[in-house]
Amino acid sequence: MARLNMVQAIDQALQQEMERDDTVIVLGEDVGKDGGVFRVTEGLVERFGENRVIDTPLAESAILGFSIGAAIAGFRPVAEMQFSGFSYPAFDQMVSHAGRMRKRSQGTWTVPLVMRTPYGGGIRALEHHSESMEAIWAHIPGIKTVIPSDPYDAKGLLIAAIRDPDPVVFYEPKRVYRAIKMEVPEESYEIPLGKAQVVREGSDATLIAWGAQVRTCKAAAEQMSAEKRGEVEVVDVRTLNPFDRETVIGSVRKTGRAVVVSEEPPTVSFTSEIMAQIMEHAILKLEAPARRVTGFDTPTPLAKLEDWFLPDVDLVIRETLKTLEF
Amino acid sequence: MARLNMVQAIDQALQQEMERDDTVIVLGEDVGKDGGVFRVTEGLVERFGENRVIDTPLAESAILGFSIGAAIAGFRPVAEMQFSGFSYPAFDQMVSHAGRMRKRSQGTWTVPLVMRTPYGGGIRALEHHSESMEAIWAHIPGIKTVIPSDPYDAKGLLIAAIRDPDPVVFYEPKRVYRAIKMEVPEESYEIPLGKAQVVREGSDATLIAWGAQVRTCKAAAEQMSAEKRGEVEVVDVRTLNPFDRETVIGSVRKTGRAVVVSEEPPTVSFTSEIMAQIMEHAILKLEAPARRVTGFDTPTPLAKLEDWFLPDVDLVIRETLKTLEF
Amino acid sequence: MPVTTLAQFSIERVEVMDHQGNVDESLMPDLSEEQIRHLYEMMVLTRQFDDRMLKLQRQGRLGTFARVMGQEAAHIGTTYALEKGKDWLIPAFRETGAFILWGTPLEDILAVNAGDERGQKIGEGVRVLPVSIPIATHLLHATGIAWAMKQKGEDAVALTVFGDGATSEGDFSEAMNFGGVFKLPVIFLCQNNQWAISVPYHKQTAATTVAQKAIAYGMPGVQVDGNDIFAVYRVAKEAADRARSGGGPTLIEAHTYRLSDHTTSDDARRYRTAEDLDPWLEKDPIPRLARYMEKQGMLDEDGVVQVREQATQKVADAVKAFEELEPADPERIFDNVFAERTPNLEEQLRWLKFRTGEGR
Amino acid sequence: MPVTTLAQFSIERVEVMDHQGNVDESLMPDLSEEQIRHLYEMMVLTRQFDDRMLKLQRQGRLGTFARVMGQEAAHIGTTYALEKGKDWLIPAFRETGAFILWGTPLEDILAVNAGDERGQKIGEGVRVLPVSIPIATHLLHATGIAWAMKQKGEDAVALTVFGDGATSEGDFSEAMNFGGVFKLPVIFLCQNNQWAISVPYHKQTAATTVAQKAIAYGMPGVQVDGNDIFAVYRVAKEAADRARSGGGPTLIEAHTYRLSDHTTSDDARRYRTAEDLDPWLEKDPIPRLARYMEKQGMLDEDGVVQVREQATQKVADAVKAFEELEPADPERIFDNVFAERTPNLEEQLRWLKFRTGEGR
Ligand SMILES: Cc1ncc(C[n+]2csc(CCOP(=O)(O)OP(=O)(O)O)c2C)c(N)n1
Ligand SMILES: Cc1ncc(C[n+]2csc(CCOP(=O)(O)OP(=O)(O)O)c2C)c(N)n1
Ligand SMILES: [Mg+2]
Ligand SMILES: [Mg+2]
């Protein structure tokens, strides 16, 4: 099995899906010859041609609206937003149309598109290039929101997202893109949407995260274990909406303690939703109040101060200990 | 004191602020001669002229982006989005600029604008005309989100919003627009942003709501009291962001029981945030798990089925009783 | 060296039939008597249906809706230039006549306008999208659909319709640009009815014509007398032929007028004078076509009555069918959100059932 | 009746100076020797600073940034036609020369590009907005600012700058339309450098020129040789004069070329051939102006060296000042979010202090 980083794993997923199904198309800014600014679509245009790997004009609303039309007419567009911070012009198309066309046409027209976009901090990028606004997508009825945390999941989840009959927002933690390599099977596989995964077992508390913060949480759990400060379970949410309550909240019910970790501004973030779910479905099993580790309700700081905004291992450990010591 | 409905109260606030401060301008689609599709801006253009009450072309991103520019150059724009369901094209301007210009210019340029828009269901409107997507605004750093529940508050909160030095999203519950009249002082007054209000005292449980659902909750509380099924406190959140934890969560700490009521699709809604706050700051005082009464994670149904989507008095009572009987 | 001219453009207006029903034979499109009669019937039916909807709305049986009075020729004439079953129609919300022309049951239109989602189903084999309310957003769908047709090698055309107000939205520009860059088989039809609710054309744009906006996207743009069904048909046919043969998109400005209020919630007297409206009453596209047909001996007074009565009957039947519709089941709220209900939606459906009394 | 012409348009290109530095005297703008020398110095300084930034970036001392090489004349010449302190500049992110011209300290520019927010402060009395990264969004701010100037009765002009790629965004169109409808004193300057990252102009739009996009909004549009500082200055001055005297907006297409990679994260060799790039190397605006000045006796070899050395010194001083900057206090994260910190932010600041070790 080849060891791939997340960029390569996603590229491979795209290659394989385009090979398998010629209604799959890739479009966005610089996805062609340039192979995408992160090289995620590298090699696609050479292999599938400019009709299926489309460099679009610079217009995000159009990229998504065009994709909706192409999807209605039988294609499976995988639209790239160059950075999640530039996806907001597409928000209207997603809320007003992608998430409703099936309903509005009583099932006649459907929108099996994927909107892929790199998100999150940690790479010392420019303003607007480090945002974590997944909450706004997860709130929209009629669309699904998926976030892989490692190369293996990225490939399997993206394949499932492309095959899904409904619109999927696919957030890619850009900090993970080249940070790790792991074995990724050459053959095509799907990881079902809507399923979280326990990535580390433990009985003392549950750390809940997605995207890049899964690694932070795993590292925190390992360190705590090594230091004999507790055995902490780590759950990778993987799909924000539809949310896998059984797995995520199930773990909290088991351990009785939870810390939810994300890079979002906390107010009305996806961490809020998980806290609400814990309140509704695990409170009677709690041994301590669930806690959150998040960014701040401020614009994401520029590179120099970015580290103070992002959760890190120390912070996660500190908050987990508070939970354990409660 | 005159008895005004919410439309009249908002109109009066606009009149008075425009009179007081000639940097206040009103702009949007049909806000001039037509007086706005809900007549909220009636009489303004006659009084202040077309230079200060501006019928814009049909372009929401432009309405907000233009307002940001005008605000930077010394004005206080009050921009109307005709319906909240059509405000999404302005989302990018709000996230990427309004909420950051102060930061990005290190305090030199500021954006004291108000984006007013009618929202919510209950008037049997067309598709897109009944939405409750306040969560997306409340999540954005650097902007404030305010929702009045009655004419008195609407006037005082809008005046405060206009005078506020930072961008404010002002959601107006259109169902309340003409539904009630109440005494509204002729003179100008401010209700501070960031302050919730206990609108009915009680000791058995706390109902938390904003906008049109405050009335539902009050009615539920009154009926429960009349039926001797409990004395329920009702808190009107009024400002979603910045959130008044002291008042809202303070009430939950006092009563030990809470039901959060809104018209939103529940996943990552403002109800989620309140549940999270209860988890973080009131859990040790809880006598029962906090509950939510919300819309569904579906597109808002068209008129015929809308009532099944919206919370009503019966449902609120039922859920409150579950809390009391826990 | 110094100042050189890089490019020159001119914008034309096409008219075929004058108000008295006289046509310029050199421009008259190739339409049979039967076809012309069909167009006339469709316009009359649309007008009557529109009138009836207004009455139903006033009685509280329908919700807010947008009348089409005065704009029948503009969208019926254009849609008629397409092939039903093959071409695509991507409408806004003021194209009732186009839906009717392509066979959407009138009772479905009534149902949607009464807030019953069941009316939104799409007829078998009809390539039409549902009404799109957010202004200009659907133009982008038309570009994606047109691209798909081209990619599949179908020689189908996508027609998308919108108002003058829509040209101010960013999505209009982005869609036009995509149309131009990818040379798509799409027709952008602007029904320039002079008003966007209360905002008159001259406050919407400083461009003298909508048609000239095509220049910004390197595509042909043309203005047509939108109340002249022959001219409308002619330019649409030309645009469709060009699109089919790989010639790319066209912007058509149908110069017309909204004779009614904006919607049933609107009162145009607040902002519009009789001087503005009155001249357009005489330009009504329906009597204009009737005058042509009378002159050509295609229609006499009896014929007029007969067409009117047929329409009345169709409308009456539709209203009856609409009224007999059983109330919709609230559980439908959870249908067609996703292909399959998620566990979350299943749970919310249980809450609903509890509320409707079906749970427990 | 039938086919009539409604409107005609033509798009012109202005050139004043050829590659050898010969000018068309009839078009030569009214600039003193001192002014011309100043423009030359500014272009040289910008070029050197840009070069130095690249080195600092490669050393890891700056983050990703967008070079301006080749486009100095386009934005410096335009900005020079405005009045600093009175007029407004609303830039994108490839206008370093304009910032320098208006006195932004070089060390501030370095700081911002190193990810230090303190560099974003705006100089006292300078009407310039910070760099705006989301493409085309800032054009709308320019319309609001221009409107404000008009409303206040100030005869100030707003200049906003953007790339060819930006013309595809909806916000470009909406801003142009607002400019036209409200007849605003705004200049829309498109630095058409032929590329939007890897996407060449012909994939960005089917319009032959950017300038013709003005037609869609009823405003004048003109193309200018963007590497010819006199032509650029001339058209900008004309546009500014027109704007000041109530004549409304202008779209200027500065036809130029991005000589560098898109940003320091980009490698243009992936998508751009030498055949595309090479001809433009000869059109470099800086030696072109130098040739003119030499011919006019305004500059000799010593002069060239002197200007270069002055620039080198300024850049060196700035790098020094930048390097001496104390690290920023993390608590700044909570400054300038709102005028006053909310209780929520106060609490989050306490978490931060706990983390920085200042809490407890
Ligand atoms: C994005 C958006 N903004 C606002 C509205 C509210 N609205 C409905 S119709 C209309 C005017 C449309 O004018 P025009 O495009 O000329 O079409 P017409 O109504 O004249 O057919 C407005 C502002 C909307 N539906 N969508
Ligand atoms: C809304 C938005 N989408 C995408 C990007 C990423 N991006 C940065 S620069 C650029 C290309 C810009 O091209 P152009 O407008 O021609 O300006 P140039 O870089 O050539 O100066 C892109 C796509 C962005 N900054 N903003
Ligand atoms: Mg109109
Ligand atoms: Mg460019």
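Residue numbering restarts at 1 for every chain, and letters A, B, ... go by the order of the sequence lines. Note that the coordinates shown come from a computational prediction; the quantities given were computed from them, not determined experimentally.
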**Item:** Residue A/Glu60 versus chain B: region with a heavy atom under 4.5 Å
**Value:** neither
**Item:** For chain B, the option from A/Gln277, A/Met133, A/Arg291 that forms the most heavy-atom pairs under 4.5 Å
**Value:** A/Met133
**Proximity breakdown for A/Thr298 and chain B, heavy-atom pairs closer than 4.5 Å** = backbone
**Request:** Taking all heavy atoms of A/Pro299 and all of B/Pro141, pick out the closest pair and write down the distance.
**Result:** N-CB, 3.6 Å
**Item:** Top contributor to chain B contacts, counting heavy-atom pairs under 4.5 Å, from A/Gly142, A/Gly85, A/Gly99, A/Ser269
**Value:** A/Ser269
**Asked** In terms of heavy-atom pairs under 4.5 Å with chain A, which of B/Ile283, B/Leu286, B/Leu302 leads?
**Response** B/Ile283
**For the student: nearest non-hydrogen atoms of A/Ser132 and B/His139, plus distance** = O-NE2, 4.4 Å
**Fill in**
Under 4.5 Å to a heavy atom of chain B? For A/Pro266 that would be backbone
**Message:** With a sphere of 6.0 Å drawn around NZ of A/Lys254, does it hold more than 12 non-hydrogen atoms of other residues, nucleotides or ligands?
**Reply:** yes
**Message:** Tell me if the CD atom of B/Glu246 is crowded by more than 12 foreign heavy atoms within 6.0 Å.
**Reply:** no
**Item:** Inter-residue atom distance A/His128.NE2 - B/Ser96.OG, 0.5 Å rounding
**Value:** 5.5 Å
**Complete:** So, the part of A/Gln93 with a heavy atom under 4.5 Å from chain B: the answer is neither
**Item:** Best-contacting candidate, B/Leu240, B/Ile274, B/Thr300, B/Thr267, against chain A by heavy atom pairs under 4.5 angstrom
**Value:** B/Thr267
**Message:** Applying side-chain contact (heavy atoms from CB on, under 4.5 Å) to B/Glu273 and A/Glu273, what does each step give before you reach the verdict?
**Reply:** CA-CA 7 Å; B/Glu273 176 60 23; A/Glu273 177 60 23; over 6 Å; no
**Prompt:** Does any non-hydrogen side-chain atom of A/Glu127 lie less than 4.5 Å from one of B/Arg100?
**Reply:** yes
**Complete:** Rounding to 0.5 Å, atoms CG (B/Asp297) and CZ (A/Phe243) come to a distance of 12.5 Å
**Request:** Count the heavy-atom pairs under 4.5 Å between each of A/Ala138, A/Ala90, A/Pro242 and chain B, then report the option with the highest count.
**Result:** A/Ala138
**Message:** Students often mix this up, so state it plainly: with edges at 30° and 60°, are the rings of A/Tyr88 and B/Phe91 parallel, tilted or perpendicular?
**Reply:** perpendicular
**Request:** Please flag which part of A/Leu284 lies under 4.5 Å from any non-hydrogen atom of chain B: side chain, backbone, both or neither.
**Result:** side chain
**Message:** With side-chain contact (heavy atoms from CB on, under 4.5 Å) as the criterion, how do B/Met275 and A/Met275 come out once you've worked through the C-alpha distance, each side chain's angles and the decisive distance to 0.1 Å?
**Reply:** CA-CA 7 Å; B/Met275 296 289 269; A/Met275 296 289 269; over 6 Å; no
**Request:** Heavy-atom distances under 4.5 Å only: say whether A/Arg104 touches chain B with side chain, backbone, both or neither.
**Result:** side chain
**Message:** Shorter than 4.5 Å, heavy atoms on both sides: which option in A/Ser61, A/Pro289, A/Ser87 has the most such pairs with chain B?
**Reply:** A/Pro289
